[in-house]
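In this chain, numbering begins with 1 at the start of the sequence shown. Below, all heavy atoms of this structure are taken into account, side chains as well, without hydrogens, waters or symmetry copies.
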Amino acid sequence: MQFTHEHREIQNTLKRFIDAEINPHVDAWEEAEMFPAHEVFKKMGQLGLLGLTKPEAYGGAGLDYSYGLAMAETLGHIDCGGVPMAIGVQTDMCTPALARFGSDELRREFLAPAIAGDQVGCIGVSEPGAGSDVAGIKSVARRDGDDYVISGQKMWITNSLQADWMCMLVNTGEGPVHKNKSLVMVPLRDGPRGRLTQGIEVARKIKKIGMNSSDTGLLYFDEVRVPQRNRIGAEGQGFIYQMQQFQEERLWAAASCLQSLDNCLSATIGWAQERRLFGGTLADQQWVQFKLAEMKTELESLRALTYRACELYVQGQDVTELASMAKLKAGRLNRLIPDGCLQFWGGMGFTWENKVSRLYRDGRLGSIGGGADEVMLGILAKTLGIAKRPQA
Ligand SMILES: Cc1cc2nc3c(=O)[nH]c(=O)nc-3n(C[C@H](O)[C@H](O)[C@H](O)COP(=O)(O)OP(=O)(O)OC[C@H]3O[C@@H](n4cnc5c(N)ncnc54)[C@H](O)[C@@H]3O)c2cc1C
């Protein structure tokens with residue numbers, strides 16, 4: 001995949017924004033365990049960065065997914081994982097299905113303000129009793145006149161302490177678990193930054209070992225009334241829409257770690273060349289040279305895999321297999337590279353403020369969130385024909 005002048009221009013705009021408006025505040029946001037999503041998103045919306053791949057009719061730029069990938073990669077210049085993840089939720093996790101299958105009315109109400117940066121969105125799939133097993137979610141939307149009445153719980157929801165709406169996966173019927181679900185747009189507040197909608201409670205802000213600047217919540221829904229017209233696409237198609245939506249989430253997950261891991265390696269090489277021991281520098285040790293060279297090779301193999309998946313996705317192909325491989329490899333390298341680098345920083349790597357130690361903590365989520373490594377392997381075992389498919 002070749003980046004054009006336009007890709008580079010978008011990356012330059014975003015890099016300037018990160019240097020001026022994000023990185024100077026990251027340490028304070030990490031400390032506060034929250035970043036001001038509305039302010040940051042509004043500024044990004046004004047720069048046209050929140051709707052690169054979304055339809056022009058709703059304020060997007062109508063570009064193909066390679067531009068989304070270029071943006072995801074550049075987000076790796078942010079000095080933490082939490083803020084990029086929150087931005088990725090807005091651009092690649094809670095809006096793809098809405099943009100593709102939502103009615104015109106729904107897209108005007110929820111997608112256009114998300115692209116403009118006037119509203120913050122979140123994606124509600126996981127629950128206390130079901131994360132990997134998406135089909136096992138228990139939240140229910142019961143029909144009542146023209147409305148759905150929603151009850152249930154959603155857990156681990158990124159952005160949810162600030163979000164204006166949730167793209168929520170709920171059971172809307174009784175049938176087989178892959179055919180009884182719908183994605184429903186649920187307003188969480190009675191206006192931008194307003195009071196919580198009646199029946200919704202943010203039960204808990206979850207304290208985490210990493211991704212600290214990103215807020216993560218547990219939400220309860222008790223008889224929350226939403227018009228049925230807030231459903232995305234056809235009733236019963238939610239599981240399929242969500243599986244398709246996961247493709248962009250997984251490509252995004254792979255692309256967004258390329259730059260941050262590269263920065264981690266560069267910082268470590270710089271450190272190793274400076275750090276003096278045994279009459280030379282750390283980088284004079286052949287073991288250190290080989291380890292760093294090997295990790296860089298691993299990273300370039302992830303880049304090649306991710307670019308290939310993106311290329312085929314842009315051509316309209318189903319990239320479930322390659323996106324799952326890229327997500328799996330990204331999860332693995334998000335552990336291997338920060339861990340390998342941290343070792344060479346010695347005691348300095350074990351301190352809280354070290355950027356490599358932050359990536360070590362933040363990157364650990366890569367093998368769990370958005371489909372754990374084992375879930376990716378399960379998909380691959382099926383698509384590669386290793387596991388037997390259940391009889392129809
Ligand atoms: C910081 C953070 C942010 C998140 N943001 C969101 C969000 O915005 N929206 C949302 O909906 N969810 C979100 N999640 C939830 C995330 O997607 C889930 O945590 C993830 O899917 C795993 O689900 P679980 O935690 O219920 O673990 P479980 O499903 O209980 O799985 C536990 C472990 O079992 C193993 N496992 C799973 N399946 C298999 C298998 N088939 N074979 C062998 N082993 C297996 C894996 O190692 C897995 O880690 C977030 C999570 C975190 C921690």
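With respect to the salt-bridge test (charged N to carboxylate O, under 4.0 angstrom), the residues Lys208 and Asp215 do not qualify. Under a 4.0 Å N-O distance rule, the pair Asp190/Arg195 qualifies as a salt bridge.
With a 6.0 Å radius and a threshold of 12 heavy atoms from other residues, nucleotides or ligands, Lys291 has its NZ atom at or below the threshold. Within 6.0 Å of CD in Gln46 there are more than 12 heavy atoms belonging to other residues, nucleotides or ligands. Residue Lys205 qualifies as enclosed at atom NZ: its count of foreign heavy atoms under 6.0 Å is above 12. Within a 6.0 Å radius of CD in Gln315, other residues, nucleotides and ligands contribute more than 12 heavy atoms.
Side chain of Asn230 to backbone of Val184: no donor-acceptor contact under 3.5 angstrom is found. Counting only distance, with no hydrogens or angles, the side chain of Ser367 and the backbone of Gly331 share a donor-acceptor pair below 3.5 Å.
By the 30° and 60° cut-offs, the orientation of the rings of Phe3 relative to Tyr307 is tilted. Taking the six-membered ring where the residue is Trp, Trp29 and Phe35 present tilted rings, their angle falling between 30° and 60°.
Both Leu305 and Leu312 sit in one connected hydrophobic cluster of ILVMFWY residues. Membership requires side-chain heavy atoms under 4.5 Å apart, directly or through other members.
In terms of heavy-atom proximity, Gly370 sits nearest to Lys327 at O-CE, 3.7 Å.
Judged by distance alone, the side chains of Arg275 and Thr281 never bring a donor and an acceptor atom under 3.5 Å apart. Under 3.5 Å, the side chains of Gln245 and Gln242 contain a donor-acceptor pair of N or O atoms. Side-chain N/O atoms of Tyr360 and Asn334 include no donor and acceptor closer than 3.5 Å.
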query = Going through the distances and angles, do Glu39 and Lys42 end up as a salt bridge (charged side-chain N to carboxylate O under 4.0 Å, His left out)?
reply = CA-CA 5 Å; Glu39 277 96 279; Lys42 181 69 202 163; over 6 Å; no
inquiry  = If you apply the rule salt bridge (charged side-chain N to carboxylate O under 4.0 Å, His left out), what do you find for Arg143 with Glu235, and how did you get there?
reply    = CA-CA 11 Å; Arg143 286 175 184 220; Glu235 196 171 70; 2.5 Å; yes
message = Set out, in order, the CA-CA distance, both residues' side-chain angles and the distance that settles salt bridge (charged side-chain N to carboxylate O under 4.0 Å, His left out) for Glu21 and Arg16, then state yes or no.
response = CA-CA 8 Å; Glu21 303 279 354; Arg16 279 194 298 274; over 6 Å; no
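Judged by a 6.0 Å distance limit and a 45° cone about the ring axis, Arg358 is not positioned over the six-membered ring of Trp352.
Ring centroid separation for the pair Tyr241 and Phe246 does not come in under the 6.0 Å cut-off.
Thr95 OG1 to Met93 CE: the interatomic distance, rounded to the nearest 0.5 Å, is 9.5 Å.
With Tyr148 as the partner, the side-chain hydrogen bond (donor to acceptor under 3.5 Å, both in side chains) test is satisfied by one option alone out of Arg231, Arg142, Arg229, Arg225: Arg231.
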